[in-house]
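One structure below.
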Number of protein chains: 4
Amino acid sequence: MAAAKGEESKKKLLKAAEKLFAEKGFQSTKVSEIVAHAGLTQAAFYLYFASKEEILQHLLSEFEQQLGNFGDAGKKAGDFYPGRVQPYVKDQFVQLFSFLGKNPSLTKIALHHGKHGDRIREKIVAQIAGNMKENQNKGIVKKEIDPQIASEAIVAVTERLIDRYLWNGEKTKEELGAQAAQIFLHGILNES
Amino acid sequence: MAAAKGEESKKKLLKAAEKLFAEKGFQSTKVSEIVAHAGLTQAAFYLYFASKEEILQHLLSEFEQQLGNFGDAGKKAGDFYPGRVQPYVKDQFVQLFSFLGKNPSLTKIALHHGKHGDRIREKIVAQIAGNMKENQNKGIVKKEIDPQIASEAIVAVTERLIDRYLWNGEKTKEELGAQAAQIFLHGILNES
Amino acid sequence: MAAAKGEESKKKLLKAAEKLFAEKGFQSTKVSEIVAHAGLTQAAFYLYFASKEEILQHLLSEFEQQLGNFGDAGKKAGDFYPGRVQPYVKDQFVQLFSFLGKNPSLTKIALHHGKHGDRIREKIVAQIAGNMKENQNKGIVKKEIDPQIASEAIVAVTERLIDRYLWNGEKTKEELGAQAAQIFLHGILNES
Amino acid sequence: MAAAKGEESKKKLLKAAEKLFAEKGFQSTKVSEIVAHAGLTQAAFYLYFASKEEILQHLLSEFEQQLGNFGDAGKKAGDFYPGRVQPYVKDQFVQLFSFLGKNPSLTKIALHHGKHGDRIREKIVAQIAGNMKENQNKGIVKKEIDPQIASEAIVAVTERLIDRYLWNGEKTKEELGAQAAQIFLHGILNES
DNA sequence: TATGAATGAGCGTTCATTCAT
DNA sequence: GATGAATGAACGCTCATTCAT
């Protein structure tokens with residue numbers, strides 16, 4: 001009934017790797033450190049993962065899976081705001097924030113890791129850009145905005161604020177979400 | 001007329017290191033690769049730099065030096081827009097863009113490199129936040145904006161757009177600057 | 001029954017290092033040579049010792065530990081020769097010889113290695129000088145002798161004779177001990 | 001009239017090498033250090049010496065040359081003490097001391113350097129042993145003494161006392177010579 | 001399921017030595 | 001006679017990975 005002992009070890013390794021990869025980066029994290037944090041030996045590592053690279057992939061695909069759900073949630077959420085445009089857009093924004101903030105270390109790893117990061121980021125950006133284009137057609141979003149660029153900006157900011165303020169508990173997800181939404185939706189300037 | 005041969009080699013090494021550090025990160029870049037790109041032997045590297053770490057520092061301090069000038073420029077620029085607030089703010093924005101865009105690889109290295117990156121980023125953010133606070137007091141920037149957060153956002157976006165669009169020539173500095181300014185100054189939404 | 005395999009390898013490395021350090025000195029001995037003699041790879045070396053320096057320290061402290069015992073032995077031995085002074089002094093002399101001769105390579109390494117060697121030699125010299133001073137007070141040793149210098153001389157000779165004659169089996173410990181005692185106790189000249 | 005400039009540089013290099021070899025040993029002394037002490041460049045070194053090894057040989061042969069003179073001096077000195085045996089022997093002893101003490105660093109280098117050191121030491125030992133054997137035949141030196149061993153002892157002590165007390169000026173050549181002679185000629189024990 | 005022991009390949013660094021000027 | 005610049009070869013050390021038990 002209890003999870004097989006092996007499965008537990010595998011989880012410990014994944015947790016350790018996630019923490020360390022996020023803290024020090026993939027290259028700088030040694031297999032020896034991962035197993036030390038997991039309370040196992042180096043040989044045990046290779047019982048569960050073929051290589052250091054593979055445990056990263058495992059983490060990354062875990063993240064990508066959750067990413068799929070996010071997309072669906074976004075779609076569905078649209079239906080709940082018939083007619084009221086601003087709350088809808090704002091809510092989508094907060095959702096992204098909430099989603100990426102749920103797993104800050106995974107987010108950091110996923111978006112920072114060269115090739116893989118690019119692919120994943122592209123996915124998120126595309127999703128947001130798609131939504132934005134729709135909203136542009138509906139007249140909600142300004143015509144002058146390049147959805148591609150704006151989406152990149154949104155992701156970059158989300159990523160950064162999570163890393164800077166959420167990670168260490170300096171701000172809450174809600175505070176950050178509100179601020180980010182405020183900035184992106186209305187800009188920082190007073191209307192003259 | 002010809003620059004001392006040694007100085008040339010040093011520059012070649014710096015150029016190569018800059019390129020590679022930006023492309024693959026510090027850890028993943030091997031000294032052997034740097035010297036290969038510079039057309040020298042490994043031993044020659046240590047004629048000019050005490051360690052791989054030191055060439056990074058060299059690059060970093062080069063960047064920080066330019067950073068100082070950027071701050072001064074920002075201050076002076078303020079005087080040129082008496083009464084016209086928006087162009088002033090926008091211009092400042094574009095300047096940051098222009099400044100960081102002038103040396104994309106150095107920017108990437110500087111802001112991505114753990115401890116050092118944090119310090120440098122903090123410097124830039126503080127400078128922008130300072131300006132923003134002033135403009136907030138003057139009623140130019142919205143009261144609800146947290147200058148700290150907004151500045152982090154601005155830097156994050158600038159960094160990302162440079163890396164994504166400028167690096168490969170997909171967009172020009174001006175295009176990006178305009179788009180970013182647009183987003184940050186007025187937001188993406190149409191006024192309803 | 002069998003000693004743990006790792007412990008065996010460690011011992012092999014220590015034996016090899018001892019031999020080579022004694023033969024060619026610390027600096028001239030390469031880690032590659034040590035492991036070759038031990039039948040291991042270079043990486044294995046660092047499984048047991050953090051650095052080349054550390055294996056030297058290990059050897060040195062092993063020697064110093066034995067050194068402590070030597071001091072005690074000397075003290076106790078004094079009690080066994082009540083009233084008969086010459087055999088007592090001679091025996092102490094032979095003991096030093098026997099002690100250092102038990103591990104010629106370790107002795108060579110220990111006394112030849114700069115800072116460390118100086119400290120260890122000082123220890124031995126001080127011990128002998130202490131004894132000698134006592135015997136001087138008892139009227140056994142000549143007043144004109146400077147115990148410090150005489151002790152340095154004794155150690156130097158012991159060291160050299162071991163290295164020259166014991167190492168290659170040309171003389172036995174007893175022969176050397178007898179000759180050295182003879183020289184130091186009564187000198188080389190006939191009484192005229 | 002002035003010595004050629006090249007000859008001066010060569011001398012500077014020899015002086016520097018002598019000092020450094022004595023202080024830190026041959027292996028641990030880098031060519032870069034030698035030239036730094038001599039105020040020259042590394043390339044200049046190879047104008048005068050084919051290799052690091054060669055400058056050592058140069059130093060060594062310089063020492064060996066002086067050694068020849070020492071042997072002759074010993075022989076001649078014998079004639080000046082007709083009938084008075086002890087002063088003669090003692091004087092020879094002091095001469096060795098004086099000779100080796102004249103160039104402590106060269107002495108240290110010469111006697112410490114493996115193969116070469118062995119050859120040179122052998123030469124000195126043989127010379128002393130030869131004299132001692134003569135004196136043994138004349139009844140001056142005890143029959144029981146093995147001249148070979150005694151000579152090794154004498155050289156070892158001389159070498160050590162020079163290194164320990166002369167080098168830093170703690171004792172003078174004369175003090176050391178007297179003490180050493182005292183020990184070796186008459187031993188440390190009181191006649192009971 | 002897990003480990004203790006070992007390794008191959010490579011990395012950053014050093015150093016005696018060379019050569020064009 | 002001397003130098004600035006460069007190098008080949010090796011060294012100490014690290015690390016992801018393997019394998020017998």
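Owing to the predicted nature of the structure, the values given are computational and were not obtained by experimental measurement. In what follows, chains are A, B, ... by sequence order, proteins preceding strands, each numbered from 1.
E54(A) is linked by a salt bridge (Lys or Arg N to Asp or Glu O under 4.0 Å) to nothing, counting only residues two or more places apart in sequence or in another chain. Among residues two or more places apart in sequence or in another chain, the salt bridge (Lys or Arg N to Asp or Glu O under 4.0 Å) test is passed with K30(D) by none. Here R164(D) pairs with E152(C), E170(D) under the salt bridge (Lys or Arg N to Asp or Glu O under 4.0 Å) rule; sequence neighbours left out. With sequence neighbours excluded, the residues that form a side chain to side chain contact (heavy atoms under 4.5 Å, CB included) with H113(D) are F26(D), L56(D), H116(D). For A17(D), the side chain to side chain contact (heavy atoms under 4.5 Å, CB included) partners two or more places apart in sequence, or in a different chain, are F21(D), I34(D), I55(D), L59(D). Residues satisfying the side chain to side chain contact (heavy atoms under 4.5 Å, CB included) test with S28(D), not counting sequence neighbours, are Q27(C), K24(D). T41(D) pairs by the side chain to side chain contact (heavy atoms under 4.5 Å, CB included) definition with A43(D), A44(D), not counting sequence neighbours. K108(C) is linked by a salt bridge (Lys or Arg N to Asp or Glu O under 4.0 Å) to D163(C), counting only residues two or more places apart in sequence or in another chain.
Running 5' to 3' along DNA chain E, contacts with non-hydrogen atoms of chain C at under 4.0 Å begin and end at dA5(E) to dG8(E).
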Checklist line | Verdict with supporting geometry, F63(C) and I109(C), side-chain contact (heavy atoms from CB on, under 4.5 Å) | finding: CA-CA 10 Å; F63(C) 182 79; I109(C) 298 167; over 6 Å; no

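Counting any heavy atom pair closer than 4.0 Å across all strands shown, T29(B) reaches sugar-phosphate atoms only and no base atom.
Using the six-membered ring where Trp is involved, H112(A) and H112(B) have ring planes that are tilted, between 30° and 60° apart.
Cation-pi geometry between K11(A) and Y48(A) is not met at under 6.0 angstrom from the ring centre and within 45 degrees of the axis.
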Next item on the list: Represent DNA chain F in dot-bracket notation, 5' to 3'. Only Watson-Crick or G-U wobble pairs with both distances under 3.5 Å count; pseudoknot-style crossings use [ ] and interstrand partners use |.
Entry: .||||||||||||||||||||

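Side-chain atoms of T29(A) come within 3.5 Å of backbone atoms of L20(A) as a donor-acceptor pair (strictly under, hydrogens ignored). Although no hydrogens or angles enter the test, the distance criterion places a donor-acceptor pair under 3.5 Å between the side chain of T107(D) and the main chain of L100(D).
For the segment residues 47-56 of chain D, the set of residues with a heavy atom within less than 4.0 Å of an atom of DNA chain F comprises L47(D), Y48(D), in numerical order. Against DNA chain E, the stretch residues 35-46 of chain D makes heavy-atom approaches under 4.0 Å through Q42(D), A43(D), Y46(D).
Between K30(C) and V31(A), the residue anchored closer to the 5' end of DNA chain F is K30(C), taking for each the nucleotide with the nearest heavy atom.
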